[in-house]
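Take a look at the structure below.
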Amino acid sequence: MQITVLVLILALLTVIGFQMGRTRAAASVGGRVVELHSVPSYHGFYVALWAGLPALFLFVLWTASEGWLIMQMVLASLPARLTSGDPQALNLLKADILNIAHGISTGRESDPDVVAAAQHYGTLRDIGDWSLLAVGSCLAVVGLAYGHRRIGPDLRARNRVERVVSVALIVCSLVAILTTVGIVLSLLFEALRFFAVVSPLEFLFGTHWSPQMAMRADQVGSSGSFGAIPLFAGTLLITVIAMVVAVPIGLMSAIYMSEYANPAVRTWLKPILEILAGIPTVVYGFFAALTMAPFVRVIGQDLGLDVSSESALSAGIVMGVMIIPFVSSLSDDVINAVPQSLRDGSYGLGATKSETIRQVVVPAALPGIVAAIMLAVSRAIGETMIVTMAAGLTANLTANPLEAVTTVTTQIATLLVGDQEFDSPKTLSAFGLGLVLFLVTLSLNMVALRVVQKYREKYD
Amino acid sequence: MISRKHVFTAAAAVALSVAVTGGANAQSRDQIRAVGSSTVFPFTTAVAEAFGKGGKFKTPVVESTGTGGGLKLFCAGVGPSHPDIANASRRIKKSEVEQCAANGVTQITELKIGFDGIALAYSKKAPEVALTTAILWKALAKEVPVDGKLVANPYKKWSDIDPKLPNAEIEVLGPPPTSGTRDTFNELAMLEGCKKTPEVKAVVADEKAREKVCMTIREDGGYVEAGENDNLIVQKLNANPAAFGVFGYSYIEQNRDKLQSAKMDGVDLTAPNVASGKYELSRPLYVYVKNAHAGVIPGIREFIAEFTSERAVGDEGYLADKGLIPEPKDARDAARTSAVNLTPLQL
Amino acid sequence: MSVTTAKSHYQSEAFARRLRARYAAERNFKIAGIAAIAIASLMLVVLLTSIVSKGYTAFWQAQVRVEVTFDKAQVEERNYAAILRQGLYAQFPQITERSGRRMLNELLSSGAPYELEALVARDPSIVGTTRTVWVRADDEVDQFVKGYFPRTGPEAERRLNDAKIAAVDAMTASGALVQSFNTTLFSAGDSREAEQAGIWGAVVGSLLTLLITMALSVPIGIAAAVYLEEFAPKNKWTDLIEVNINNLAAVPSIIFGLLGLAVFLGFFGLPRSAPVVGGLVMALMTLPVIIISARVALKSVPPSIREAALGIGASPLQTVTHHVLPLAMPGILTGTIIGMARALGETAPLLMIGMVAFIVDVPHGLTDSATVLPVQIYMWADSPERAFTERTSAAIMILLGFLILMNGLAVFLRKKFERRW
Amino acid sequence: MNVQTHIPTSAQAGARSAPAVPNKMVARDVKVFYGAKQALKGINVDIQENKVLALIGPSGCGKSTFLRCLNRMNDTIENCRVEGLIALDGEDVYGKSIDAVQLRARVGMVFQKPNPFPKSIYDNIAYGPRIHGMATGREELDEVVQTSLQRAGLWNEVKDRLREPGTGLSGGQQQRLCIARAIAVSPEVILMDEPCSALDPIATAHIEELIDELRENFTIVIVTHNMQQAARVSQKTAFFHLGDMVECDDTEEIFTNPRDERTQGYITGRYG
């Protein structure tokens, strides 16, 4: 309640601050706005920032620390017999107090001291909320007054406001860096523990993947080898099949849509193809396992081939289908970006449409197309659900698309939700694989960027 | 300007760090949380739903994380940010109990809720097959003794092992090494089958080495690690009548019209046969409860009472409908008493 | 080479032959294009057909008519099961033995007594009266009525035995068993009983997750794009950020799940299975998508507009907020919607942060345990009960409906505001 | 079919020109529609062999549209419909006996903005001969490239960097590259759509000189906004106004003694 009120008050004061700042700025030069350093609305923003920001910081600080602070105060007031336990007991005590304070019945008679503490907690929280309301509003008013007082013809309000805004913008773009750092750290930490048990060389160059560790100390008969080459090979095989499906179909669709189809057809076709990209991968997984795999198997048997029921081929084909719109959409964009003048130039020399496309348009769009394919490749490498469902888990070092293979992502998903002991290298290897996966997609993307930068033709 | 910027940065940093500690500490929870094995998941969820329908407590949240992942979360500590219940398709290990204790989770109640039979199933379209664990071992082992030597498994077709068996390629879709089902399968089918194959003893004298030979599964395509989505395996078996699938009893129960399960050493996979121990490919299922949470998280005792009640795990209970094979009556009664009293687990 | 030779070349038989070959190549190329599109569309059709043909029956659910007397004493005891049983037995007076009555009980959903309870809660005046009510049938009956279970064959292998089939047939004949629209599917949370399971909980979970994703990734994404495109100096730091963003767009989604597991759950101690965590992970995942598309949109605003604004004395910030951003907005919006649609369909990262959970209660807040639609699909797909098969496909249809809606909106915006400079 | 036999020479066109010069191309009552909008309202022009015809007129008057009709470049534009007759050497270019591809090889085109393909200079020139199968061997192709570049006056500037991308040249060089590219397929007519509008005066002068030299071997039609340019390079000039051809005559006549007052107004700069 108090928090809602505070938010409302802050919003109101910000708006008022804006108006006051604007008015005062205009008034300070007697309405001759040109004499101001910045236009009046910047003065308004300046005051509004002073009114809103400090109070907002207080608000964030308080909401983040409130629970902890009050809990410390409540615990301090409790008799030692309750609080002297180990940290675990203390955790339970806190939970108990919170539950009672929130009116959650635990179905049990609680210690009267705990009940009293819970009431105490409730009271303190109320006090806290009210004082937050009071302090927050005061801070906003003080800020408003301060900002308001500083307004004058010489105040560089625009520069101040723009600096605040640009700091905010910079912070936003740093989120990307933080995310990358977070990913690397969260993978690296666990991966290092894995590499402490299994040597990175064995992991990267070993050709036998059988992540079995003993379930019991006295159990033997589980090999436990962590050579990830079969996984990389499996991933590569499926990715290649997917690309063999997706690149020609996607590229030709893009070409047809942007060069041949009339606009009405194109308006319909493009979104229809994009639906393929929007279908959740779980759905593709089922399609691959239940429709495509038996189909491929039957066809294979008719041809006298020995097809595994979880062939890399079926997973790859379905993944390719998923990636078609990815290739076609991106290629379509780059093909459209090729200027009409190039096509005209080619037609003007008497080239047919397909000659123009093959010899002028596609080469001109090639860097973009290559980048699109690279992105599609990293998408295929990182795809999880389809391969988990359709490609099986047999770590098979083979180039035969009719056999079952497994991929890096499949192993990550199954290793992490497995029934293993959680500190075993088997579980940790998932992070090792994750790290490799991250690095591979990273370098692929780097290459794609380089390609684009190096070969991009400048058309204006 | 610069000093003010520093003040802001410092304030933001303080806010962030306080948010971390505060967020971790100040939590309350009015809902039971369970984590763990995907095999036990259907049973725990059924109990949770019945418990929630009772109306006194919120429906517990049950997460399928795998036994190991579940026990990891379960053992991470005491307090509302840690789960109250862990489902396991195997017994908790000593090392895990110790890990638990190190994190303050000292009192754990163990509920043995029943059994899961492991079926070797195949499509209804195929003729009936009777297997033995010995045949199974020969079909699936990586190396088998032939003429007094250990060689890479030469059997491509079932009829290579025994002419009476169908003349079809050996293809068994089974759980991956990450799965608890696989471990059970290794131990109950492979090891037993191996023991029943006297030639092995003659070839490999050392017991440890022999056990290793016994439990290593072939990787040349005869055994396909097929993931943990059992519905998919059901459909794959239907599409490929020559293949066998290894999975839980409940799936056989639900797909009797599509699948049949092979007789193992002459015994049919039925609930009575499993409960009496005649059908050997079965494993007990467990639920572990954190005693310290009873009384803090609402409804834990009541949930245990529901879980061990006759209407849940009894012979006619609703878990039997879901495919659980109940324990014999006297074992259930004993388990109920110890569970309701939260008798801590002693290993 | 003179004009005359060229002229003769173009009118020569050799050129005509070559021209025919060139036109044949042209035709083949065009056919290849049509074939590519046809294959892609065919795949879509096959996919959609297989889903719809499996799932459309889930929108109907068998209901059973029972005449029940709301006995006051039994209502007070909350013994609705008994009330229902008595009503049911009255319909089959010829069945008296215990096993037969047990069979009759199995015709109804185990949730049926709670439907009665809800009726009483809504209208207490019905206590003491006799009413005709429709309650859900058991999922096996439902599947049987829909023709998924065989009637013939050895009784032991059938899901429904002869007695049950007879009872179902009798009720169908008397109009006491009909199929009606399955409202439960749209209004309930998850359940282990297929006939009581619904997607509403997952839909709410998805919406809450998406809300967080949107609230975080849209403003941050646009701000970052504006900074990088309009303000950032060209130096190695901004290069780094740029490369970073491009890389993040290609990072597999499962890795974001690992990040969420380590940072939001491990480090910040946020609750498991909460939409707020799902939203945070999805926000990080969609952020690069939004930044990239926003940058493209900003880039497509011609520099002349900026120069015009700067030329009349607007500050860079004013130029951006007054002119560039509004012009780029449709493009940004399209990118945002596509990013959101991707987040809506994503499963893999949520597997890592505990959103693969059985949750019956519909979530009410951002920290309540929740699941999302794709994960619900994933879990239902794994349920052994046969009735979940059609519900899985139905949930897929609903999810696809949302996705098509969002993509359609994006297409519409793109069409409506498409601008060529 | 010989059109000139049964199509009477239009009243305006070529009325005062010497009949000795044969017509390379003729246009009779050419109407062009973009959807429902009519862009040309019946144009009659004779294009004489080995002469430069300049099309002048205010923006949007249909000069470029007309130019693009001459080699059927308008085919590539959606909803564009052409009526009337355009003949090359007496053959209807929209008729069955002439194919668009063949026509465009015979009637080449150079565009307003230099548009070299994203290929090397050599491949830019060799593109046309290759697709038309004009050069059979490596040496022959080399020779075509060299001759074309020499004729376009670019050979000396680029002979050492034939393998570098054509986009790396300066604007004027790029336009000469495009002209060389058009010459390489040995067309009979070259259409130029404001070829100098994107170039500086020095580059423009180069191109103008080039046009004058090319006249010996090719018939040239040039659209220009620059009346001095029209006066400098052309022998014939046609003035277009609002989709009509107002006047077509010897360049000298048009600029010194226009018959129509709209022409008068335009060339004296009163409107445009």
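For the numbers below, each heavy atom of this structure counts, side chains included, while hydrogens, waters and symmetry mates do not. So you know, we letter chains A, B, ... as the sequences are listed, proteins then strands, and number each from 1.
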Residue, of C/Arg102, C/Met355, C/Met379, C/Glu140, that accumulates the most heavy atom pairs under 4.5 Å with chain B: C/Arg102

Polar side-chain atom of B/Lys322 near backbone of C/Arg192 as donor-acceptor pair, under 3.5 Å: yes

Electrostatic pair C/Glu117-B/Lys53, nearest N-O below 4.0 angstrom: no

Atom pair CZ/OG1 of C/Phe358 and B/Thr59 - distance to nearest 0.5 Å: 7.5 Å

Side-chain touch B/Thr65/C/Arg272, heavy atoms, less than 4.5 angstrom: yes

Residue-level interface, residues 360-370 of chain C with chain B, non-hydrogen cut-off under 4.5 Å: C/Val360, C/Asp361, C/Ser369

Between B/Asp321, B/Thr45, B/Val61, the one whose heavy-atom pairs under 4.5 Å with chain C are most numerous: B/Thr45

Contact class of B/Tyr318 relative to chain C, heavy atoms under 4.5 angstrom: neither

Largest heavy-atom contact set with chain B, pairs under 4.5 Å, which of C/Phe388, C/Phe149, C/Tyr114: C/Tyr114

Top contributor to chain C interface from B/Gly52, B/Gly248, B/Ser250, B/Pro42 [non-hydrogen pairs under 4.5 Å]: B/Pro42

Whether over 12 other heavy atoms sit under 6.0 Å from B/Lys56 NZ: no

Taking every non-hydrogen atom, the tightest pair across B/Glu63 and C/Gly354: OE2-CA, 3.0 Å

Choice from C/Val356, C/Ile359, C/Thr371, C/Thr389 maximising heavy atom contacts with chain B below 4.5 Å: C/Val356

Side chain, backbone, both or neither of B/Gln31 within contact of chain C (heavy atoms, under 4.5 Å): side chain

Within 6.0 Å of CD in C/Glu97, more than 12 heavy atoms from elsewhere: yes

Contacting region of B/Pro83 [heavy-atom separation from chain C under 4.5 Å]: neither

